[in-house]
Amino acid sequence: MNYMNFDKTAAYKKLADYAKNTNFNFRRKLDAKRVEECVVPMSAGLTYSWAAKAVNEECVVLLQELANEQELIAKYKALLNGEMMNTGEKRKVLHQLLRGEQCNPVIENGTAGEASRGKNIGEFYRNELSRLCDFASAVHSGKFKGATGKPFTTVVQIGIGGSDLGPRAMYLALENWAITEGKKHLDAKFISNVDPDDASAVIASCNLEQCLFILVSKSGTTQETLANELFVKDKLKKAGLDPSKHMIAVTSETSPLARNSAYLDSFYIDDYVGGRYSSSSAVGGCVLSLAFGPGVFKDFLTGAAEADKLALNEDILKNAALFDALIGVWERNFLNYPYTAVLPYSQALSRFPAHLQQMDMESNGKRVNRSGEHVNYETGPVVFGEPGTNGQHSFYQLLHQSTSVIPLQFIGFTESQRGDDVSVDGSVSQTKLAANLAAQIVAFAKGQDSDDKNKEFPGGRPSSLIYGKRLTPAALGSLLAHYENKVMFQGFVWNLNSFDQEGVQLGKILTKKVLSGNFGDNALEAYSKILGV
């Protein structure tokens with residue numbers, strides 16, 4: 001395979017020329033026929049709609065040429081087969097393997113399942129999935145109880161970054177569904193910020209006798225997480241409880257947390273799974289299985305695995321993740337849009353944009369290619385978002401009428417999770433929610449002419465829509481994998497290493513200097529003093 005900078009491809013020049021010489025006015029082209037035709041099926045009953053994007057047939061052809069020239073599917077297969085894709089840390093990238101046995105048919109040549117550092121990686125993750133599911137079932141049956149013999153009613157995850165954002169977003173996304181379906185076993189809460197107010201508030205809301213804590217740190221040395229662990233252990237001890245009866249660990253087999261008697265049990269991931277891609281592992285699996293049951297987590301994995309398989313299709317019009325990625329490249333590099341907003345019209349997905357913000361910006365917020373050489377083109381966009389309809393009463397003003405065009409990614413469902421609704425003014429709330437979403441897509445695309453310039457909407461604001469019947473575990477898995485694969489494909493296009501995160505390291509190093517008192521920089525010392533360090 002050829003790993004080539006984006007601007008060295010023949011497709012780059014064609015797309016640049018096309019962008020200069022073509023002004024596709026989708027504001028006028030958006031009609032019922034286009035809405036009906038511009039769709040790509042996804043897994044778990046979801047559909048990707050690109051009708052309101054500034055993309056026509058000629059553009060689709062050029063984007064297909066780009067996908068072919070940059071060998072995006074071949075690179076995805078190489079990743080699945082265990083090729084070293086994390087060039088910065090010299091590691092494989094195997095988060096798709098976490099989906100379970102469903103992934104094995106798409107792993108060619110067997111290299112990802114063969115012995116690596118003395119272990120069969122595929123078998124390793126199947127065993128870990130089985131172990132964590134068995135543990136969750138044992139907690140639900142009362143086999144494991146707290147130090148005073150009371151059953152656990154609450155699980156609290158202690159982690160930060162990918163150990164918090166993804167699992168928290170997934171839990172919140174499924175909580176109402178699980179309550180409605182009778183699948184809710186334990187409440188879940190999360191502690192992430194090293195700010196002591198975070199841990200204190202969570203602990204104050206719990207009955208410690210019936211709390212099971214999940215400590216998540218792959219390295220076993222994450223500063224914020226270990227500080228919160230000690231905070232929690234101190235509270236447990238002061239309550240007369242043995243912390244080892246109230247805590248499990250999710251970590252690597254080589255970390256100081258592994259096989260440690262301070263925990264009821266330890267569950268493992270390895271260096272091939274980045275934190276922001278770890279929701280399919282024990283990082284997300286423990287809390288989801290404890291809260292909702294192992295079957296729910298397995299359904300989530302099934303939806304993700306099916307999405308991973310669809311992402312292998314060479315035809316971009318049959319591969320939603322690939323097409324979404326390429327449209328994003330078109331908007332970032334040729335239409336010069338530096339931002340994108342993720343706008344789920346589902347309160348269950350209230351923290352999903354925050355998770356995608358980390359996944360996208362930590363993966364592709366890079367200025368050098370996978371060989372460490374500077375690139376001469378824009379890479380990952382700034383990602384932000386909030387659920388609708390709240391966002392409509394917040395930042396949509398800028399989205400509609402500012403001087404900047406910001407591409408939008410809507411997510412919507414025809415049914416609510418709980419089915420609890422009331423009719424007001426001739427329609428139920430779920431219908432009102434859907435009506436708002438449909439209205440916003442068309443308003444952004446077509447705008448409004450007016451003699452009063454304050455009431456004029458320019459339109460031409462491009463958006464995509466992912467929609468389905470109901471947000472279920474499988475649909476959530478599909479949604480998660482879609483965005484993971486989208487980010488991966490964009491990294492391949494831009495010739496980036498999307499799987500390390502050196503950008504977070506410098507701040508950690510300087511923090512250690514501050515805490516040690518060995519500042520080495522008078523400005524660092526001055527800021528530390530005014531902040532009370």
Side-chain angles (χ1 to χ4, degrees), residues 19 23-31 34-35 38 48-55 169 323-361 364-365 378-413 432-450 452-467 479 482-483 486-487 490:
N23 180 22
F24 175 62
N25 190 346
F26 73 97
R27 178 182 180 183
R28 295 180 179 175
K29 296 290 185 180
L30 185 60
D31 57 16
R34 183 171 169 88
V35 172
C38 295
Y48 173 73
S49 168
W50 54 280
K53 286 292 190 181
V55 174
F323 196 27
D324 194 8
L326 292 166
I327 291 175
V329 170
W330 165 246
E331 291 173 336
R332 183 73 176 101
N333 295 101
F334 302 105
L335 301 184
N336 301 313
Y337 302 152
Y339 310 99
T340 189
V342 180
L343 309 169
Y345 275 62
S346 167
Q347 188 61 29
L349 294 173
S350 60
R351 292 296 291 167
F352 195 64
H355 171 57
L356 297 186
Q357 187 176 58
Q358 184 204 15
M359 184 200 301
D360 200 316
M361 295 172 70
N364 291 336
E378 302 295 338
T379 56
V382 174
V383 178
F384 69 98
E386 284 288 332
T389 59
N390 294 33
Q392 293 176 200
H393 296 268
S394 176
F395 52 81
Y396 277 36
Q397 168 62 47
L398 185 147
L399 299 182
H400 275 294
Q401 290 185 305
S402 79
T403 55
S404 298
V405 174
I406 297 176
L408 315 166
Q409 301 177 53
F410 290 107
I411 304 169
F413 302 92
K432 290 179 173 65
L433 179 69
N436 272 274
L437 175 49
Q440 289 295 330
I441 294 172
V442 174
F444 278 117
K446 296 190 174 185
Q448 172 181 277
D449 296 325
S450 176
D452 181 348
K453 295 305 178 185
N454 195 51
K455 298 182 184 297
E456 184 179 69
F457 289 69
R461 267 58 173 166
S463 69
S464 61
L465 170 65
I466 293 175
Y467 63 94
L479 198 60
H482 171 89
Y483 281 101
K486 172 188 175 179
V487 169
Q490 288 183 333

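All values derive from a computational prediction rather than experimental measurement.
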Does the pair F410 and Q440 meet the rule for a side-chain contact (heavy atoms from CB on, under 4.5 Å), with working shown? CA-CA 10 Å; F410 290 107; Q440 289 295 330; 4.2 Å; yes
For K53 and S464, run side-chain contact (heavy atoms from CB on, under 4.5 Å): C-alpha distance rounded to whole Å, both residues' side-chain angles, the deciding distance at 0.1 Å, then the answer. CA-CA 6 Å; K53 286 292 190 181; S464 61; 3.7 Å; yes
Working to the nearest 0.5 angstrom, can you tell me the gap between [X] [atom1] and [Y] [atom2]?
| X | Y | atom1 | atom2 | answer |
| --- | --- | --- | --- | --- |
| S346 | F413 | OG | CZ | 5.5 Å |
| S350 | N390 | OG | CG | 9.5 Å |
| K486 | L356 | NZ | CG | 8.5 Å |

So does [Y] get a backbone contact from the side chain of [X], meaning a donor-acceptor N/O pair under 3.5 Å?
| X | Y | result |
| --- | --- | --- |
| K29 | A51 | no |
| Q401 | N454 | yes |
| R351 | A169 | no |
| Q448 | K455 | yes |
| D449 | E456 | no |

Nearest non-hydrogen partners of [X] and [Y], listed with the distance:
| X | Y | answer |
| --- | --- | --- |
| W330 | A54 | NE1-O, 3.0 Å |
| R34 | V55 | NH2-O, 2.8 Å |
| Q490 | V329 | NE2-N, 3.9 Å |
| G460 | F26 | C-CZ, 3.5 Å |
| Y339 | P407 | O-CD, 3.0 Å |
| G412 | L437 | CA-CD2, 3.8 Å |

Would a 4.5 Å heavy-atom cut-off, applied to side chains only, mark [X] and [Y] as touching?
| X | Y | value |
| --- | --- | --- |
| V405 | P462 | yes |
| Y396 | L408 | no |
| I411 | L465 | no |
| L399 | R461 | no |
| E378 | P338 | no |
| P353 | P344 | yes |
| L343 | F395 | yes |
| L479 | L349 | yes |

Please determine whether side-chain hydrogen bond (donor to acceptor under 3.5 Å, both in side chains) holds for the pair Y345 and Q392, giving the CA-CA distance in whole Å, both sets of side-chain angles, and the decisive distance to 0.1 Å. CA-CA 11 Å; Y345 275 62; Q392 293 176 200; 2.6 Å; yes
Where do R332 and D360 land on the salt bridge (Lys or Arg N to Asp or Glu O under 4.0 Å) test, with the steps shown first? CA-CA 13 Å; R332 183 73 176 101; D360 200 316; over 6 Å; no
Donor-acceptor side-chain pairing of Q409 and S463 below 3.5 angstrom: no
Let's go through Y467 and Y48 carefully: what are the C-alpha distance in whole Å and the side-chain angles of both, what is the deciding distance for ring pair (Phe, Tyr, Trp, His ring centres under 6.0 Å) to 0.1 Å, and is it a yes or a no? CA-CA 7 Å; Y467 63 94; Y48 173 73; 9.7 Å; no
Can the ring centres of F444 and F457 be said to be less than 6.0 Å apart? no
